Amino acid sequence: RVNAVSAGTVRTRWHDQLVGADVARERQRVEAELVPLKRLADADDIAASVVGLLAMPFVTGEDLLVDGGKGLKY
């Protein structure tokens with residue numbers, strides 16, 4: 001089986017380290033407004049997606065988009 005999880009923007013501590021906590025927080029706030037679910041993913045969201053795919057033994061060849069619905073706007 002071959003499946004993929006394509007994550008949208010994921011909140012991690014690396015954002016804070018790269019640009020500083022205040023800048024990262026503001027960028028995340030602005031981007032979250034573009035997401036229908038009104039928040040960005042975190043590591044647990046992505047992990048749950050992977051576990052969900054693993055729990056479906058008859059699924060293969062899929063690319064699961066995990067972006068809170070942002071892709072619906074394109």
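Quantities reported herein were computed from a predicted structural model and do not represent experimental measurements.
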I need the minimum non-hydrogen distance between [X] and [Y], along with the two atoms involved.
{"X": "A7", "Y": "I46", "value": "CB-CD1, 3.6 Å"}
{"X": "G71", "Y": "L65", "value": "CA-CD2, 4.3 Å"}
{"X": "G68", "Y": "P36", "value": "O-CD, 3.4 Å"}
{"X": "L34", "Y": "K73", "value": "O-NZ, 3.0 Å"}
{"X": "V10", "Y": "H15", "value": "O-NE2, 3.2 Å"}

Query - Euclidean distance, D16 CG relative to Q28 CD, rounded to 0.5 Å - result: 6.5 Å
**Report entry** Straight-line distance of E31 CD to R11 CZ, nearest 0.5 Å
**Finding:** 11.5 Å
Query raised in the report: When you look at Q17 and T12, which way does the side chain to side chain contact (heavy atoms under 4.5 Å, CB included) test go after all the steps?
Result: CA-CA 9 Å; Q17 293 171 349; T12 68; over 6 Å; no
Query raised in the report: If only atom types and distance count, is the side chain of N3 paired as donor or acceptor with the main-chain N or O of V59 below 3.5 Å?
Result: yes
Query raised in the report: Do the side chain of K70 and the main chain of G8 share a donor and acceptor less than 3.5 angstrom apart?
Result: no
Query raised in the report: Do the side chains of L40 and V35 get nearer than 4.5 Å, heavy atoms only?
Result: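 Yes, close enough: below the 4.5 Å cut-off.
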Query raised in the report: Sequence neighbours excluded, which residues qualify as salt bridge (charged side-chain N to carboxylate O under 4.0 Å, His left out) partners of D45?
Result: R39
Requested in this report: Evaluate whether atom CZ of R1 has more than 12 neighbouring non-hydrogen atoms of other residues, nucleotides or ligands under 6.0 angstrom away.
Outcome: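 Atom CZ in R1 is crowded, with more than 12 foreign heavy atoms closer than 6.0 Å.
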